[in-house]
Amino acid sequence: MVFAHDTEVALAAAAALANTRADDGGADALARVEDLDAFVAGWSYTGSRAAPRDRADELAAIRALREEVARLWTAGDADTVAEGVNRLLADGAARPHLARHDGWDWHLHATSPDQPLGTRMAVECGMALLDVVRAGELDRLKVCDADDCSDLHVDLSRNRSRRYCGTRCGNRADAAAYRARKAAGE
Ligand SMILES: [Zn+2]
Ligand SMILES: [Zn+2]
């Protein structure tokens, strides 16, 4: 394991959040409150949600967060990421403490469940990126190598060799390379 389990999950969730942005011809996957509901359910976020009339603001905060996550992910510079991490943690009034609940033994929390979802997600991203900077592992925060994909992913492989965001992009790249080789040979 490269990072603690909760850090690895949080990094995967942070990448997924940033990847909801419209790019590569794809639609914005976090355009509506219903999209956020699906994201929250898919990544098993617990804790409070905004009152229905405030859900648009909740969504706006999380849409802003994904831009910041993408900026820090691709910064490639520890000073920049450290600055961003410190801001995320300060803005979210992060208060690291141990918690034990729902069958999970002692683990790190830095917010309480009654804080706004956007704040809790921001602090979670901040704590995860903090671990990456502290461990000197910034080069594990990657952008997919496929020509037509710019999704973020975290490379947790032993030799830092992961190039693609998922098997789909990897397979497509393999197929393209195969066809290029074949064409060159013909
Ligand atoms: Zn917990
Ligand atoms: Zn990809």
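Both ligands and their constituent atoms are indexed starting at 1 by order of listing.
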Tell me whether V9 is reachable from L72 by hopping between hydrophobic residues (I, L, V, M, F, W, Y) whose side-chain heavy atoms are closer than 4.5 Å.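 No, separate clusters.
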Number of protein N/O/S atoms less than 2.8 Å from the Zn ion (ligand 2)?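 Counting protein N, O and S atoms closer than 2.8 Å to the Zn ion (ligand 2) gives 4.
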Do L141 and L152 have side-chain heavy atoms sitting under 4.5 Å apart?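 With C-beta onward as the side chain, the pair stays apart.
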Mind checking whether L89 and V123 have side chains closer than 4.5 Å, heavy atoms only?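 In contact.
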Contact list for residues 115-133, test side-chain hydrogen bond (donor to acceptor under 3.5 Å, both in side chains), sequence neighbours left out: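 Qualifying pairs: T7-D131, Y45-E124, D131-R134.
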Using a 6.0 Å cut-off, check whether atom CG of D174 has over 12 heavy atoms from anything other than its own residue.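 More than 12 heavy atoms, drawn from other residues, nucleotides or ligands, come within 6.0 Å of this atom.
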Does atom CZ of R95 have more than 12 heavy-atom neighbours, drawn from other residues, nucleotides or ligands, at distances under 6.0 Å?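 Count not over threshold, so no.
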Relative to each other, are the rings of H5 and W104 parallel, tilted or perpendicular (30° and 60° limits)?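 The arrangement is parallel - the two ring planes meet at less than 30°.
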What are the protein N/O/S atoms, named by residue and atom, that sit under 2.8 Å from the Zn ion (ligand 1)?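 Correct list: H101 NE2, H107 NE2, H109 NE2.
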If I take atom OH from residue Y164 and atom NZ from residue K142, how far apart are they, to the nearest 0.5 angstrom?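 Y164 OH to K142 NZ: 11.0 Å, rounded to 0.5 Å.
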Partner set under side-chain contact (heavy atoms from CB on, under 4.5 Å) for A135, not counting sequence neighbours: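 Applying side-chain contact (heavy atoms from CB on, under 4.5 Å) to A135 gives F3, E137.
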